[in-house]
Amino acid sequence: MPARSALLLSLFFWFLPAFTGAMELPLPPNEEVLGLIVFKAALQDPTAALTSWNEADASPCNWAHLHCDPDTGRVTRLALDSLFLSGPLPRGLDRLAALAALSLSNNNLSGPIPPGLSLLPSLRLLDLSRNAFSGRVPQDLALLPSLISLELSSNALSGPLPDSLFSAAACRSLRLLSLAGNRFDGPLPVAALSRCSLLLHLNLSSNRFSGSPGFASSLWSLSRLRVLDLSSNAFAGAVPNGIENLHSLKVLRLNDNRFSGAIPGSVGLCPHLTTLDLSRNSFDGSLPSSMRYLTSLTSLRLSNNQLEGDLPQWLGSLTATRELDLSNNKFTGNLPASLGNLKRLNYLDLSNNRIVGSISDEIAGCTRLTEIHLKENKLNGSIPQGLFSLGLQVLDLSSNALTGAMPAGTTVSATLQFLDLSDNKLSGTIPPEMALFFGLRHLNLSWNGFRSQLPPELGLFRSLSVMDLRNNALYGSIPGNLCESGSLYVLQVDDNFFSGPIPEEIGNCSSLYLLSLSHNYLNGSIPPSISQLKKLEILNLEFNNLSGEIPPQLGALDNLLAVNISHNRLIGRLPPCKMNVPKPLVLDPNAYLPGFASNIPNFAYPAATPVRRRRFLSASSIIAISAALSIVLGVLVVTLLNVTARRRIELPAENGPKSMCSSSTKSGGPAVGRMVAFSAGFSLKTEEFKGGAEALLAKATEIGKGAFGTSYKASSAKDGSIMVVKRLVAANIVQYHEYFDREVRLLGKVMHPNVLPLRGYYWTPQLQLLVTDYAPNGTLHSRLHERDASVPPLSWPERFKIVLGVAKGVAHLHQAFRPPIIHYGLKPNNILLDENGEAKVSDFGLARLLQRLDKHVASERFQSAMGYMAPELACQSLRVNEKCDVYGMGVLMVEVVTGRKPVEYGEEDVVILIDQVRSLLDQCNVVECVDASMGEFPEEEVLPVLKLGLVCTSQIPSSRPSMAEVVQILEVIKAPI
Ligand SMILES: *[C@@H]1O[C@H](CO)[C@@H](O)[C@H](O)[C@H]1NC(C)=O
Ligand SMILES: *[C@@H]1O[C@H](CO)[C@@H](O)[C@H](O)[C@H]1NC(C)=O
Ligand SMILES: *[C@@H]1O[C@H](CO)[C@@H](O)[C@H](O)[C@H]1NC(C)=O
């Protein structure tokens, strides 16, 4: 950004004098006053930035935000940046015949860019960036004969770019063109663009442009380019040769596209490159060795590709490099010792590759390093001594095979904020000097073999917010001063050998949200001070030797979502929470397992054997879920439901595939259907679709119908394998193939054991099909509600596994993608069961393919998602975020426990399941609504799940937990067997 504005400014001052000297100016100055007053009058100017613009003045030259040529008295520059102006761009500027620079950047101007700017024959600089302009770029911008810089970035402009925009005349002087951050789509008119042969800076980032034939050969002819930014578009295919024609290139960003094949070998012949970003594409092969000549490179980002080969030694010759990010590839080999030559290196990320061997001491030669990310490799050996004296802020070595102790005599590192050494084979003690990492916020040493007491010095951490020490061999007591800073947010020390009481001072941990001390040997009673943890949501104390009375103050914790205090010697009852538990909760003293933890452990590490993790199904697990539930269901929603009940009857059946097909043949558009497969082993081929998609559908059996379309079971003619083909309701789906392709491919990247993978798609303007795997065991809906007599009903463990699986799958959609993928239609119809009874979430993220979500919702919301749709969607305020999936998840949990549909239509009335369960719960009769067909069930697991379901269906989105929290809570309710 600064580089760009500097370029802009220098261009401006270069060209301004040349121009002003040479102009004949026909208009008298008061014309300009008039024009500017007209302009001002139509603008909203909330900060009164333009008060000095007074129509009584004879000349505007003393007004703020403009500049006149001292010789001619004509306005040559108008700079109204960042003045909070809003409204459409008014007329009036056409009176400024001498205007050379117009900048309106960073305001709130909206509507289309009006034609008429072309009446400014002298305009050289036009900056409308960072506003809310929409619509197409007016063709007549091409008439600006002297334009040097055109900045339209960060608006809402759309449509394909017309070739005519880049006429020879328009391009004659253009040096800078930025269209970044708009909604342009269609193929980039490269042939026309290549006429702008003086272009220095071309920024098309963050649009929906796609490639076109001759793409590269035309772009590569813009030989003066210094900055080329094509990032975040829909460009695909190999990057062709010839890039070395751009011999002045300094910045090349192709990241976040779908480029594939090898990195062009000649990229190393652009000797001035300082920034090269190819991340998040599908590049493969190894690094071209020409890259060793890129000695000016300061930033190299190649993450999230499929690059392979050993990390080359020549990386050490890129001595100007400050950022090196090769993460999420398939690189192998050792960490090159030559990395130590990168004296300017500040940021190093090689995580998630297949790097082996040890971390060499040489890396400490990179004295400017502040962040090192090496997680998820196969590194072994010990942590080099010098690493902690580098002044690092972030060190993430997690999930490797590192051994040995924390480096001894670790020098003071006051800068370190994030330290993650989890999931290694580290051993030895937690050294007291660690407390000298004053600034530490995040400390994760879990899943190692550390064996020591916790040094009391750890209380010196001033800003620690996460401390995770799970699964080590730590012993002794939990120091009372851990919380002195008051900033601790997560404290997890499960599966260690801690003994003694929970310190009374735990009450000082006023920010604590998750407190988990399970599977230790803690004794004594639960200190009443725990009631000071007002933010606590999850409390997990199971499998300890705690005894005595449960402090009644626990009931005062308003935010508590889940408590597991089972397998202790506690007695008493949980105090009445806001939402009463159906009967007094008497903790079973027998749940304490004699012999289990009666003797102090002998520290034979690893002692955390599976036995410790086993679940005992005795009625002992006591979990209370007590979040405040707002039971405000608007009369409005109920009324709407009744309307819908009536409307359902009148709805005509949806058009079948037949009519769909005939429309596609009739229109005979240019679109040639193309089957795009995401995975190799995929057996439906284009031929089967060519002229035959309809035939394929005709042969297929319909297996389900949803808001987004109808699903068919189809078999491949080639090998008979079975797929599910979903025909999308075409009317609502985006019409730009590139956009559709990009979104569907993103969905195709979702890989999770609880998510049904998308295998490919078929697209014509009339017909869009998505192809997924077939799950032989049907949907959760059919297992719950349409079960054959021959199929046994789902047991409680099966149901729990399904609920947990769904929550994990959806949490992955929310967490692994930015912006998160919102399922939007979570319900049992979209949950498939595989042969092991494992849940697979399907039909996710389809809302992204819609032209307009609101329109779709308006027409579909009552038909298919009734009962699962979050209330904020039923209203007009459409802020779709992850919390509407949490709502659907809540309804699903209640449905799974009760075996009943979320909305049941009676003769006259409508029964809403969650409301009924809520009132049963209030009347302490809730056990009645548990599905009797599942036979025996442990109340202490079933009821919390039911309650969690109700918490998730809170009317107020912000009081629903996140999906990750739902997973966390479910895992506390019942550890996986
Ligand atoms: C931007 O303008 C729109 C209308 O043009 C208005 O609704 C909105 O409040 C404005 N936003 C700001 C931050 O001024
Ligand atoms: C391209 O424009 C976007 C949006 O203004 C900006 O964030 C990005 O840094 C620009 N790219 C380059 C290489 O300047
Ligand atoms: C580290 O792993 C390599 C194989 O990748 C092995 O040859 C070497 O001995 C290991 N070193 C240590 C210290 O375990």
Side-chain angles (χ1 to χ4, degrees), residues 1-11 81-82 103-107 126-133 149-157 175-184 188 199-209 219 222 225-233 235 246 248-257 270 272-280 296-301 310-311 323 331-337 353-361 374 376-385 397 399-405 407 424-427 449:
M1 217 45 193
R4 207 209 49 223
S5 12
L7 176 64
L8 225 106
L9 271 179
S10 63
L11 283 170
D81 312 43
S82 310
S103 173
L104 295 166
S105 175
N106 194 22
N107 283 292
L126 177 58
D127 185 351
L128 304 180
S129 65
R130 300 163 74 200
N131 277 289
F133 289 114
S149 165
L150 179 58
E151 236 300 7
L152 302 179
S153 64
S154 303
N155 280 290
L157 299 165
R175 308 294 206 278
L176 181 149
L177 175 62
S178 175
L179 306 176
N182 280 288
R183 297 175 194 161
F184 293 114
L188 187 65
L199 263 185
L200 302 177
H201 183 118
L202 177 59
N203 189 344
L204 304 175
S205 161
S206 306
N207 281 289
R208 297 165 190 166
F209 287 119
L219 271 188
L222 297 171
L225 274 182
R226 292 188 198 160
V227 174
L228 177 59
D229 190 343
L230 305 180
S231 59
S232 300
N233 276 290
F235 295 110
L246 309 182
S248 309
L249 200 62
K250 293 180 131 178
V251 176
L252 176 60
R253 299 189 50 179
L254 305 181
N255 50 294
D256 295 274
N257 280 290
C270 302
H272 304 292
L273 265 185
T274 59
T275 300
L276 177 60
D277 192 343
L278 308 180
S279 47
R280 287 177 297 277
S296 306
L297 211 53
T298 57
S299 170
L300 176 59
R301 293 185 174 265
D310 287 0
L311 289 178
E323 285 179 329
F331 287 114
T332 48
N334 294 304
L335 282 179
N353 279 290
R354 296 160 188 182
I355 305 170
V356 297
S358 60
I359 306 174
S360 56
D361 285 328
L374 296 175
E376 292 172 50
N377 278 293
K378 297 174 179 168
L379 296 166
N380 61 9
S382 56
I383 303 176
Q385 189 94 34
L397 306 179
S399 302
N400 279 289
L402 299 171
T403 51
N424 277 294
K425 297 172 184 164
L426 299 168
S427 55

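Order of appearance sets the numbers: ligands from 1, and atoms from 1 within every ligand. We number each residue from 1, following the sequence as shown.
When all heavy atoms are compared, the tightest approach of Leu230 to Leu219 is CD1-CD1, 3.9 Å. Nearest approach of Asp256 to Arg280, heavy atoms of both residues: OD1-NE, 2.7 Å.
Residues Ser279 and Asn255 have side chains that never bring a donor and an acceptor to within less than 3.5 angstrom of each other. Side-chain N/O atoms of Ser129 and Ser105 include a donor and acceptor closer than 3.5 Å. Side-chain contact, Asp310 with Thr332: a donor N or O sits under 3.5 Å from an acceptor N or O.
In terms of N/O distances under 3.5 Å, ligand 2 is approached by Asn203. The N/O atoms of Arg253, backbone and side chain alike, include none that comes under 3.5 Å of an N/O atom in ligand 2.
If you look at Thr275 next to ligand 2, there are no close heavy atoms at all, none under 4.0 Å.
Leu228 is listed as a side-chain neighbour of Leu249, based on a closest heavy-atom distance under 4.5 Å. Contact check for Asn353 versus Leu311: no side-chain heavy atoms found under the 4.5 Å cut-off. Within the 4.5 Å cutoff, the side chain of Leu273 has heavy atoms near those of the Leu252 side chain.
Sorted by chain then number, the residues whose non-hydrogen atoms approach ligand 3 to under 4.0 Å are Val356, Asn380.
Less than 4.0 angstrom separates some heavy atom of Ala180 from each of these atoms of ligand 2: 1 (C), 2 (O), 3 (C), 4 (C). Counting the atoms of ligand 2 from 1 in the order shown, those under 4.0 Å from a heavy atom of Ser153 are 5 (O). Close approach of ligand 2 to Val227 is summarised as follows: ligand atoms under 4.0 Å from at least one heavy atom of the residue are 13 (C). Near Val251, meaning under 4.0 Å from any of its heavy atoms, are these atoms of ligand 2: 13 (C).
Looking only at distances, no side-chain donor or acceptor of Asn107 sits under 3.5 Å from a matching main-chain atom of Asn131.
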